[in-house]
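As structure tokens, the structure follows; a few thoughts come after it.
Note on naming: letters A, B, ... go to the chains in the order of the sequence lines (proteins, then strands), and numbering restarts at 1 for each one. Just the heavy atoms: all of them, side chains too, but no hydrogens, waters or symmetry mates, feed the values below. Just so you know, these numbers come straight off a predicted model, no measurement behind them.
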Amino acid sequence: MPELNAHLERAFYERPTIDVARDLLGQILVSETPQGRTAGRIVETEAYRGADDPASHAARLRTGRVEAMWGEPGIAYVYRSYGIHAMLNVVTEPLGTTGAVLIRALAPLVGVDLMRIRRGLGEERLLCSGPGKLCQALAIGLDLHSTDLVTSERLWITPGASPRDVSLSGRIGISRGQDHPWRYWITGNPHVSAHRRAQSSAE
DNA sequence: ACCTGGATCTTCT
DNA sequence: GAAGATCCAGGTA
């Protein structure tokens, strides 16, 4: 297993959201808790921008936790979806401008047994194959909102191998702004989310 | 105060 | 393929 302690630096996140979403594929998300370490390779992401993106929370709101989308690049924007699931985003673009990348799926790498316990499931392919699933598997909750992934020892992203092929399509689970091909995943990877539209319109 | 609409996942049939 | 779980913030009153 490679060293996972290195952190991607702020400059990586301080770029156009689209570029960060694509370049996050293959990098490794690491979560450290008293129970142990869990980590997985990022295999699926989505880009969300600002006022020009009707699907982005930042297009409608600038209150409460959404304020984080204007914040320092590299911090976590975590919110609750459907009353149940936590969603992990990484803030992009320079301070004062909006943008974030939703982490949608991981390939489990470290602490797979701990993930199984947290998820109550055995099958590895289902542990992190969706944005709510991976937050449960890595114990990422609303308490980690605003965590700085550049400096945190609780949650961070470490460099991994670049994927060979990347596919893209419209985003998932939203009603507006589907026309933009801002969902990225590693072509052929079995750990991408199992949504019906997951197979559509590759590259 | 009440209502509504979600960047989802599981468990049914 | 459909429903249920269940939180949060905005809009409307």
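For the pair A/L142 CG and C/dA9 C1', the interatomic distance rounds to 13 Å; values are reported in whole Å. Between A/L121 atom CG and B/dT8 atom P there is a gap of 18 Å when expressed in whole angstrom units. The CZ-C1' distance, from A/R49 to B/dA7, rounds to 16 Å in whole Å. Separating the CZ atom of A/R125 from the P atom of B/dT10 is a distance of 12 Å, rounded to the nearest angstrom. Rounded to an integer number of Å, the gap from A/M87 CE to C/dA9 P is 16 Å. The interatomic distance linking A/R65 (CZ) with B/dA7 (P) rounds to 15 Å, in whole Å. The CD-C1' distance, from A/E67 to C/dA9, rounds to 15 Å in whole Å. Here B/dT11 presents its P atom at 11 Å from NZ of A/K133, a figure rounded to the nearest Å.
Aromatic pair A/Y79/A/H57: centroids less than 6.0 angstrom apart.
Applying the 4.0 Å criterion to OP1 and OP2 of C/dG11, one finds that A/R60 has every side-chain N and O outside that range.
Each side chain to side chain donor-acceptor pair (under 3.5 Å) pair with one or both residues in residues 126-140 of chain A, not counting sequence neighbours, appears once here: A/R119-A/Q136, A/S129-A/K133.
If you take atom P in B/dG5 and the same atom in C/dA3, they sit 16 Å apart, rounded to whole Å.
Figure legend: A/R15 and A/F12 shown as a cation-pi pair, the cationic atom lying under 6.0 angstrom from the six-membered ring centre and within 45 degrees of its axis. Geometric assessment of A/R171 against the ring of A/Y48 yields a positive cation-pi assignment under the 6.0 Å and 45° thresholds. Within the cation-pi definition used here (under 6.0 Å to the ring centroid, within 45° of the axis), A/R183 qualifies as a partner of A/W185.
A side-chain donor-acceptor contact under 3.5 Å links A/E93 to the backbone of A/T17.
Of the residues in residues 75-84 of chain A, those placing a heavy atom less than 4.0 Å from an atom of DNA chain C are A/R80, A/Y82, A/G83, A/I84, in numerical order.
Here A/I103 lies out of heavy-atom contact (under 4.0 Å) with every strand.
Base pairing annotation: B/dC3 forms a Watson-Crick or G-U wobble pair with C/dG10, both donor-acceptor distances under 3.5 Å. Base pairing of B/dT10: its partner is C/dA3, meeting the Watson-Crick or G-U wobble criterion (both donor-acceptor distances under 3.5 Å).
Summarising the geometry of A/V78 relative to A/A86, their closest heavy-atom pair is CG1-CB, 4.3 Å, with the distance given to 0.1 Å.
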